[in-house]
Number of protein chains: 4
Amino acid sequence: MSDIDYEDEARASRARQEADPDPEVGGIAVDRLRSIIERIERLEEERKALANDIKDIFAEAKSAGFDVKVVRTLISLRKKEPAEVEEQETLLDLYKRALGM
Amino acid sequence: MSDIDYEDEARASRARQEADPDPEVGGIAVDRLRSIIERIERLEEERKALANDIKDIFAEAKSAGFDVKVVRTLISLRKKEPAEVEEQETLLDLYKRALGM
Amino acid sequence: MSDIDYEDEARASRARQEADPDPEVGGIAVDRLRSIIERIERLEEERKALANDIKDIFAEAKSAGFDVKVVRTLISLRKKEPAEVEEQETLLDLYKRALGM
Amino acid sequence: MSDIDYEDEARASRARQEADPDPEVGGIAVDRLRSIIERIERLEEERKALANDIKDIFAEAKSAGFDVKVVRTLISLRKKEPAEVEEQETLLDLYKRALGM
DNA sequence: CCCGGCGTTAATGCAC
DNA sequence: GTGCATTAACGCCGGG
C-alpha cells in the first residue's frame, strides 16, 4: 500500500487542473480516466433510453393484438440475408425429413 | 388456411392506402404493423451506433493503459446505491471469514 | 458493525467443531454455509462436464458435415409443443404477407 | 429442389436399417444425425436436472437466512485465481482513489 | 393467477 | 480458428 493521502491528492488535483497538463494520482491519469468513465456513462444512459423506447413499442404492439414473439422473429429475419434464411430453411426441412418429422 | 390471394392483397393494399383509414391484409392492420417494425428497427440502429461508440471508448481506455475489466467494474459500482454496495461487501466479508477465507 | 474479532473466531471455530453441534462465526452457521457452497460447486462441475460433452457432440456433427446451427434449431423445435410451433409459423406467414414479404 | 419422395424414403429407411451399413435420406446420414440429436437431448436433460438441484440449494440457502446474491458472489470468487482477484481489487482501489471515490 | 422485471444462460459477432 | 465480449432469449421470482 502507498502512503500517499489520496483524499488530499484528490483535492489538490482539482486545484491544479489548469496548471498541470497531465495530473496524476497514484500513477493514474485522473482526468483521462474520469473523461472515459463519464463519456461511457452518458452513452449508456442514451442506450437505456432507447431500450425503454423499444420496450414501449413492443407493449404497443401487444396491446394492438400482435404476437410479440412473432414480431421479434420477423424483425430478426429482416436483419438477415434472404439467401441465408432460405438456405437454413431448406436444410432444416431436409433434416426433418431425414428424421421422419 | 385462407384462400385469399395475399400477393394481390399486398398490391391492392398499396393502391388504397390513401382512401382506406384502416387497411388490413388477412385481418392484419398492415400500416400499424409496418410502423411498429420500422420504428423498432430505427431505434435498434441507434442503439447499435451507441454500442459502437462505447466500444471505441473502451478501446481508447485500453490503449491509454487502463485495465478495461476494472473500468467496467468501476462503472457498474457507480450505478449502484452506495449503501447497497457497502451492505453486500460487509456480508461478503462476513461469509468469507466464516469460511476462513 | 460487530466488535467480534473474526480472526480469533475463525481459529476458535475450527477448534470447537467437534464439540459444538451448531458452530457459528459472526452469527453465521458456518457448516451450513460451507455445505451449501460445496454442494453447489460440485453440481456446477457436473454441469460443466455435461456442457463439454455437448460441445464435443456438436463438434462431431460439424465434422460429419452437418450444419450445426440447423441442428440446434432442430433440437429446439423438438422441445416445443408441435401445436405451438405450428401456430407461430402460421402467424409469421400472416405477418410476412401483410408486409408483402 | 430434389424430386425424391422423402415420406417414402423415411419408411424405406426404417425397413433397410439392418441391411444397410450407411442408410441415407436425401443425402443425409440419418442414423448419424439421429444419434447426435438424441445424445445431445439426453445430456441436456441431465443438465437441466442439475440446474434444478442447484436452484433447490439456493432456495435452501435463502430459507436458512443467507443472502443468495452474496453467496453467488462468494462462489464466483472461489472460481478465480486468488492472485487475479487480489490484482483486480488493488487496481479498483487505485482507480477509485484517483476519482476521489 | 397473470404480468412485468431481473438474472442467468445460450447464441451471435468480433478481435486476436 | 479460437476465445471473448456483447446481445438476445429464457426462466424464475415477486407484485398486483
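Protein chains get the first letters and strands the later ones, always in sequence-line order, with residue 1 at the start of each.
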Nearest heavy-atom contact between A/Arg47 and B/Ile54 is CD-CD1, 3.4 Å
Taken to the nearest whole Å, CZ/B/Phe58 to P/F/dT7 is 11 Å
Separation of E/dT8 atom C1' from D/Ile75 atom CD1, nearest Å, is 14 Å
Separation between CD1 (D/Ile28) and CZ (D/Arg34), nearest 0.5 Å, reads 12.5 Å
Separation of E/dG7 atom P from B/Lys79 atom NZ, nearest Å, is 12 Å
Here the distance between atom P of F/dA8 and atom CD of B/Glu41, to the nearest Å, is 13 Å
To the nearest 0.5 Å, atom CD1 of A/Ile40 lies from atom CG of B/Leu50 at 12.5 Å
Whichever of B/Glu44 and D/Ala59 has the more 5' nearest nucleotide on DNA chain F, that residue is B/Glu44
When rounded to whole Å, the CD1 to C1' distance for the pair A/Ile54 and F/dT7 reads 12 Å
Rounded to whole Å, the CD-P distance (B/Glu84 to E/dC6) equals 13 Å
List the atom pairs, with distances to 0.1 Å, where a side-chain N or O of residues 73-89 of chain D and a protein N or O form a donor-acceptor pair under 3.5 Å, not counting sequence neighbours.
unit_1, atom_1, unit_2, atom_2, d
D/Thr73, OG1, D/Lys69, O, 3.0
D/Ser76, OG, D/Thr73, O, 2.9
D/Arg78, NE, C/Glu41, OE2, 2.7
D/Arg78, NH2, C/Glu41, OE1, 3.1

Separation of F/dA8 atom P from B/Leu43 atom CG, nearest Å, is 13 Å
> Under 3.5 Å, side chain of D/Tyr95 to main-chain N/O of B/Asp67, donor-acceptor pair present?
Replying inline: yes
When rounded to the nearest 0.5 Å, the distance separating CD1 of C/Ile37 from CD1 of D/Ile57 is 11.0 Å
Once base and sugar-phosphate atoms are separated, protein heavy atoms under 4.0 Å mark nucleotides 11-16 of chain E, 5' to 3', with B, S and - as SS-SS-
Rounded to whole Å, CG of D/Asp67 lies from C1' of F/dC13 at a distance of 15 Å
Query raised in the report: With a 4.0 Å cut-off on heavy atoms, is D/Ala51 in touch with a base, just the backbone sugar-phosphate, or nothing at all?
Result: nothing
